[in-house]
Peer 1: 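Here you go, one structure.
From a predicted model like this one, the values you see are computed outputs, not experimental measurements. Reckoned from all heavy atoms, side chains included, excluding hydrogens, waters and symmetry mates.
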Amino acid sequence: MGVVGGGVAGSTVALRLAELGIPVTLIEEGATLVNGPPICHLHAGGNLYREISDEQCVTLLRQSIDTLRVFPHTANIRPTVIAVPLRDSGNPDTLLPRLKLLQNVYKKLIEQDKGNAVLGDQDEYFKVYQQQDLIKLAAKKSPLMPVSLDDWMVPVAKNLNLNEFKYPIIMVQEYGLSIFRIAATASLAFAKLPACKVYTNAKVTHIEKSDSENQQTWNISFQRFNEQLNDHQTENITVDYLVNACGYRTGSLDDMAVVTRNRMVEFKAAYVTQWPTCEGLWPEVIFHGERGTPNGMAQLTPYPNGYFQLHGMTEDITLFKKGLVSSTKQSAQPKLEEHFLSKLKTQWKPFEVTARTQRAINHMAQFVPNFNDAIVGGNPLFGAQQIPGNDPTLRAADVSFEDQRYARSEIVKASSAISAADAILDKLVEEGLITKDIFAGLLSREKQFQVTHALNTEDVVRVAEQLAESRHFPKALAQPVNIAKNQK
């Protein structure tokens, strides 16, 4: 087995196989694994996206539960608040039927397997707050360590202008997800899994399908830097099945494989800020708005020590003009303009970091006035997100197959990575490359990922902090949200 691309998709596929003892080679162009788009949210229901279908939301809920069971060290356990400003055309009451549906699905999943109870009490999957409820909470002191949903809501109630929102305001058990702790988990697990061979700093230059003696194989050529020779060397491997997990560059490998695929790629960015006067531990807060307009959605994602990651779904903050592009008949790879490619390969210009981060702060301060005190806290988190097909609102996607032992892991959200890995595993059984005997006795997610699940939390956080610093981000972005505020 060969997996090209060591982001969250490729690393998860490789982990899934290696945990079962299936030999797999993982090839990643970057120096470290899982260094991609600004992952910060576990979409346990997809409630950020009111435009997507209930079916997608249920899929995201199931996938998020799987993710928490497989990667218990990577979640920031805190709820998410959803608020609809008066200026927005939306009605928060329309969210309630979906939330009730998701709560019922969550309850049924727990009935099937108690191990699925990873999103808190099934009766507290969500809670609604009227204005009078928030006025009462605003009079309380922000708890040092929140225990109840009401505790988490206190700093929100104290900082919002409560007259500027439609009611109810909703709190839901959608958690945070740390891209740095995902990267650390993958690195630590692979070090303990002899079935997986990992090549980093390895750029694939050619792939070719070979048919010989009734066997289909893939020949993969890649270049790696040889420090002893001070030069790049080409290496070759042959695999019986190839997984394309190249993220926004999935189309480039499709072109090498001479297969077609319709897809889109969207360049987006989130901004790192620090709010020195912040009090209490915050939940994530989503202020709904119309995407792509000056009143686009605002997203406040908390980290320790007053750090917050901001999204503003406007073209001068998170979104970019001409940042969404599509594949063509000539190429499966959508072509971003050169200035986007430059951002993906090199550091941003300082003035642009400052300008866009300040716009994000101003956008958030419309709803949280005290956030005006926030300052630039680090470099932007950015990347290009692939969206298979032609629907830019698609959020629940995982994998597609060609009939020549070739799969694409095409996740849009990190919570879909396990689902993609499962589908590829099923395909290997169907192709006769492995047998079902390999799953014997491995009924739970925890048993299927024994090495990954057994990692020590302190080790994961330590390596995650090292990765954050090596990528020039604050250590706080790698830490669990509930660490003591004075911890550095």
Side-chain angles (χ1 to χ4, degrees), residues 40-41 48 78-90 92 128-144 146 149-171 176 269-291 293-319 353-378 380 474 476 481 485:
C40 65
H41 193 95
L48 270 67
R78 46 91 189 129
T80 295
V81 172
I82 301 173
V84 181
L86 285 175
R87 73 188 188 191
D88 187 75
S89 61
V128 299
Y129 291 85
Q130 301 298 335
Q131 187 168 2
Q132 282 301 117
D133 300 324
L134 298 182
I135 291 172
K136 291 178 182 178
L137 290 174
K140 295 186 175 184
K141 184 178 180 180
S142 295
L144 183 63
L149 295 183
D150 285 355
D151 287 347
W152 282 104
M153 186 61 90
V154 170
V156 179
K158 293 172 77 72
N159 281 275
L160 300 191
N161 184 338
L162 301 178
N163 293 321
E164 294 184 358
F165 295 92
K166 299 177 182 180
Y167 289 88
I169 286 178
I170 297 164
M171 180 171 278
Y271 302 89
V272 178
T273 63
Q274 189 174 28
W275 185 13
T277 58
C278 167
E279 293 185 3
L281 291 178
W282 276 64
E284 183 160 328
V285 189
I286 306 298
F287 300 100
H288 272 173
E290 185 179 351
R291 178 187 171 94
T293 72
N295 294 330
M297 182 184 79
Q299 180 176 345
L300 180 75
T301 304
Y303 295 93
N305 302 325
Y307 282 94
F308 290 84
Q309 180 176 336
L310 303 184
H311 286 78
M313 293 303 174
T314 75
E315 285 193 340
D316 59 358
I317 302 176
T318 289
L319 307 178
V353 173
T354 301
R356 281 196 169 252
T357 305
Q358 189 58 55
R359 287 183 208 137
I361 291 170
N362 296 343
H363 192 59
M364 186 57 61
Q366 297 176 91
F367 309 111
V368 186
N370 290 333
F371 203 77
N372 265 323
D373 296 338
I375 58 175
V376 177
V481 296
K485 190 169 183 179

Peer 1: Tell me the closest heavy-atom pair linking T357 and V272, and the distance in Å.
Peer 2: CG2-O, 3.9 Å
Peer 1: Strictly distance-based, threshold 3.5 Å: is any side-chain N or O of R291 a donor or acceptor partner for the main-chain N or O of G296?
Peer 2: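 It does not hold such a pair.
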Peer 1: Can you sort out the partners of A138 under side-chain contact (heavy atoms from CB on, under 4.5 Å), two or more places apart, ordered by chain and number?
Peer 2: A157, K158
Peer 1: Judged by atom type as modelled, is there a donor-acceptor pair below 3.5 Å linking the side chain of T314 to the main-chain atoms of T293?
Peer 2: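 Flag not set: sc T314 to bb T293 has no pair under 3.5 Å.
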Peer 1: Quick check: does any side chain N or O of W152 sit under 3.5 Å from a backbone N or O of V81, one acting as donor and the other as acceptor?
Peer 2: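 No, the answer is negative, given that no donor and acceptor are paired below the 3.5 Å cut-off.
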Peer 1: Ignoring hydrogens and geometry, is there a side-chain-to-backbone donor-acceptor pair from Y167 to Q132 under 3.5 Å?
Peer 2: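 Absent.
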Peer 1: Below 4.5 Å, heavy atoms only, C-beta onward: do P302 and F308 meet side chain to side chain?
Peer 2: yes
Peer 1: List for me each residue that meets side chain to side chain donor-acceptor pair (under 3.5 Å) alongside H311, sequence neighbours excluded, and say none if there are none.
Peer 2: none
Peer 1: More than 12 heavy atoms of other residues, nucleotides or ligands under 6.0 Å from CD of Q274: is that the case?
Peer 2: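 Yes.
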Peer 1: Using the side chain to side chain contact (heavy atoms under 4.5 Å, CB included) rule, pick out the option among T80, V156, T301 that qualifies with P283.
Peer 2: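 Only one option passes, and that is V156.
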Peer 1: Would you indicate whether the side-chain heavy atoms of Y303 and P474 approach each other to under 4.5 Å?
Peer 2: no
Peer 1: Quick one: which residue pairs count as a salt bridge (Lys or Arg N to Asp or Glu O under 4.0 Å) with a foot in residues 301-316, not counting sequence neighbours?
Peer 2: none
Peer 1: Is I169 close to M153 at the side-chain level, that is, under 4.5 Å between some pair of heavy atoms?
Peer 2: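 Sidechains of I169 and M153: in contact.
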Peer 1: Please examine the side chains of N372 and N362, heavy atoms only from C-beta on, and report whether any two atoms are closer than 4.5 Å.
Peer 2: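 Yes, side chains in contact.
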Peer 1: Over 60° means perpendicular and under 30° means parallel, so tell me whether F367 and F287 are parallel, tilted or perpendicular.
Peer 2: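 Parallel, since the angle between the ring planes stays under 30°.
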Peer 1: Output yes when a side-chain donor or acceptor of K166 lies under 3.5 Å from a complementary backbone atom of P92, and no otherwise.
Peer 2: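 Absent.
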Peer 1: Keeping the roles fixed (side chain from Q358, backbone from A355), state whether a donor-acceptor pair exists under 3.5 Å.
Peer 2: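 Between the backbone of A355 and the side chain of Q358 there is no qualifying donor-acceptor contact (under 3.5 Å).
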Peer 1: Does a side-chain heavy-atom distance below 4.5 Å link N370 with W275?
Peer 2: yes
Peer 1: To the nearest 0.5 Å, what is the distance between NE2 on H363 and CE on M313?
Peer 2: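 CE of M313 is found 9.5 Å from NE2 of H363.
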Peer 1: Do Q366 and P85 make a side-chain contact, defined as non-hydrogen atoms from C-beta onward lying under 4.5 Å apart?
Peer 2: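 Side chain of Q366 against side chain of P85, heavy atoms only: no contact under 4.5 Å found.
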Peer 1: Are L134 and L160 close enough that some pair of their side-chain heavy atoms sits under 4.5 Å apart?
Peer 2: no
Peer 1: Quick check: do K140 and D151 have side-chain heavy atoms less than 4.5 Å from each other?
Peer 2: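 Sidechains of D151 and K140: no contact.
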